[in-house]
Amino acid sequence: MKEVVIKTEALTKRFGDFVAANAISFEVYKGEIFGFLGANGAGKTTAMRMLCGLSIPTSGKASIAGFDVFRQPELIKKNIGYMSQRFSLYEDLTVGENITFFGGIYGLSDKQLRQKKDDLVTNLGLQNEVNKLVASLPLGWKQKLAFSVAVLHDPKIVFLDEPTGGVDPLTRRQFWDLIYEAAERGVTIFVTTHYMDEAEYCHRISIMVDGKIEALDTPSNLKKIYNTGSMNDVFYQLARKAKRSD
Amino acid sequence: MKQFLTFVQKEFYHVLRDRKTLLILFGMPMVQILIFGFALTNEVKNTKLMIVDHAKDLASAQLTAQIEASRYFEIEKSVSDHRQIEASFKEGSVKVVLVFPLHFYESLLHENKSQVQIIADASDPNTATTLINYLNAIIQDYATELKNPLSIPYQIIPETKMLYNPQLKGAHNFVPGVMALVLMLVCVMMTAVSIVREKETGTMEVLLVSPFKPILVILSKAIPYLLLSLVNVISILLVSVFVLDLPVKGSIFLLFAESTLFIITCLTLGIFISIKTSSQQVAMLISLMGMLLPTILFSGFMFPIENMPIPLQIISNIIPAKWFYIIVKAIMIKGLSFAGIWKETLILLGITIFLLIVSLKSFKIRLA
């Protein structure tokens, strides 16, 4: 029996007359890499913001890591990590200071923090860069560091909002290696992306069109259903039905 | 608490690593104080003075010689025609005119007193006041020198006339003004920009997703600027006391307490701006145009509020810097105690609480 860590039932968000997320229901299992796809304006970001506690749903139900989004947002926050498409570390702080800061606001003890910092730095091979400003690192390294910092406090679920925007394919591959490692440790990964090759890396994907989830299955099943050999085609067939855009 | 301290430490890194911020933070107050301070002292050296001597006697000649000997004045020319006075002022070739009446020495000898007339160009009131004070001092010195210990002292009574601005409003209380200006700039702009910067770079989202309370994010942003602003207050006071010889007459503790209150007002304003804007440029523009400009215009520091049309006078009441300026002037220059400024303090406190409530309200709305 798979453990469910994210469960939504008819989760809806309205902004006035506009229904950004329309009755979305899905489940995500522990240790799963769940791809959340959709064209711009399809409602991905709104859905993700509700799950992270950044935005309060208009109606519906959702529980994250066993906690209710309406009643226990603070407990949810302790159990999730987040990394956004926009770069989420402080450029004018060193690598070490960034780790200390983010560990610190999640309430890690000094001892835990020292241990985690050593592990992280060794893992990423950043021993010589610990005291360098983040601004001086290449983009790929920054992104990997940002991900490692997002999972520093051992969250149950980590939300990645287009984490690999603007990164070259090789670095993206390395970034996904990190994601797989985390998933093997039992961390659930909830990732949005526009890259179809990345969609193939996911265990299951959902595709949102006009605020609704139109498809949800493994990449190979989706390709079978839509009778095509590439995820690109699957996405194209679904997304062109969209009536609204940005 | 530890989380909070981690956050404050991070804020200090931001401030201390940014050279431009540091330069604005500590360079600007010094530069402003020194510019205001020394521009004032430079102007009274070698001022052009015109003598109109109707007496042409011993006393008028001696007094003229004494004035010439001082380093403050340079005698431009001596004329005997009153019509030339106005012309010279309009040309700007003289700043002060000294008029000796007929029988200047004679009346000194016989009546023990005599009059001179000083006419100053008060289109720049600060300079005019300073010039008149210097000239008065020289005249009094001369009168004392003349004094015969056995007789009744001679008196020369200068009759002063201020041209163009008879009331001499807007005297040079620049230290309180600069303090209000600097604190306004540092606290409002820096706080607003530093919070908005996090929104712009995307780190704010990461912070909001973390268990760290949003209200603490804002508070820990404000604390470094509160401390740095207090350092600024200290440095401005040190310069004004030791470099410009402008002592603090009242209680220094009271001055610090009031400064802290004003700093909190400014921080709240900065936070308010940061909640309402989402780009650093907009935050900076609003801080400069919306906050700094009214501060300069309506605090009474540069332009006397009493001379403004009534609607503008009313507007000036909502400018926190106006009240702070009054308070600092009262403490520093008049040496008043809390009893003398409680009304202004209460108004400032009221503005602060109002801003705080409005900020907190709009902050909550944004999160939903």
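So you know, we letter chains A, B, ... as the sequences are listed, proteins then strands, and number each from 1.
Listed in order of number, the residues of residues 261-269 of chain B that approach chain A to under 4.5 Å between heavy atoms amount to none.
Heavy-atom neighbours of A/R14 CZ from other residues, nucleotides or ligands within 6.0 Å: at or below the threshold of 12. More than 12 non-hydrogen atoms from other residues, nucleotides or ligands lie less than 6.0 angstrom from CZ of A/F70.
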>> Set out, in order, the CA-CA distance, both residues' side-chain angles and the distance that settles side-chain contact (heavy atoms from CB on, under 4.5 Å) for B/Y13 and A/D92, then state yes or no.
In response: CA-CA 8 Å; B/Y13 286 144; A/D92 56 344; over 6 Å; no
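Of all heavy-atom pairs spanning B/S210 and A/K77, the tightest one is O-CD, 3.4 Å. Nearest heavy atom pair, residue A/S84 against residue B/G202, reads OG-O, 4.5 Å.
Ranking B/L216, B/L5, B/T6, B/V209 against chain A, the residue ahead of the rest is B/V209, based on heavy-atom pairs under 4.5 Å.
A/Y106 contributes atom OH, which lies 11.5 Å from atom CZ of B/F212 (distance to the nearest 0.5 angstrom). Distance check, rounded to the nearest 0.5 Å: OH of A/Y90 to NE2 of B/H14 gives 5.0 Å. If you take OG1 on B/T203 and CZ on A/F102, they are separated by 6.5 Å, rounding to the nearest 0.5 Å. Rounding to the nearest 0.5 Å gives a distance of 8.0 Å between CZ of A/R49 and CG of B/L208. To the nearest 0.5 Å, atoms CD (A/E74) and NZ (B/K213) are separated by 5.0 Å. Taking CZ from A/F101 and CG from B/L207, the interatomic distance works out to 5.0 Å, rounded to the nearest 0.5 Å.
Between the side chain of B/K10 and the backbone N or O of A/T100, no donor-acceptor pair lies under 3.5 Å.
Of the residues listed (A/I105, A/L108, A/D110), the one engaging B/K2 in a side chain to side chain contact (heavy atoms under 4.5 Å, CB included) is A/D110, and it is the only one.
Residues meeting the side-chain contact (heavy atoms from CB on, under 4.5 Å) test with A/D177, sequence neighbours left out: A/R173.
In this structure, no portion of A/I76 lies under 4.5 Å from any heavy atom of chain B. In this structure, chain A has a heavy atom under 4.5 Å from the side chain of B/E198, while its backbone stays farther away.
Between A/E91 and B/R17 there is no salt bridge, since no side-chain nitrogen of the basic residue lies less than 4.0 Å from a carboxylate oxygen of the acidic one.
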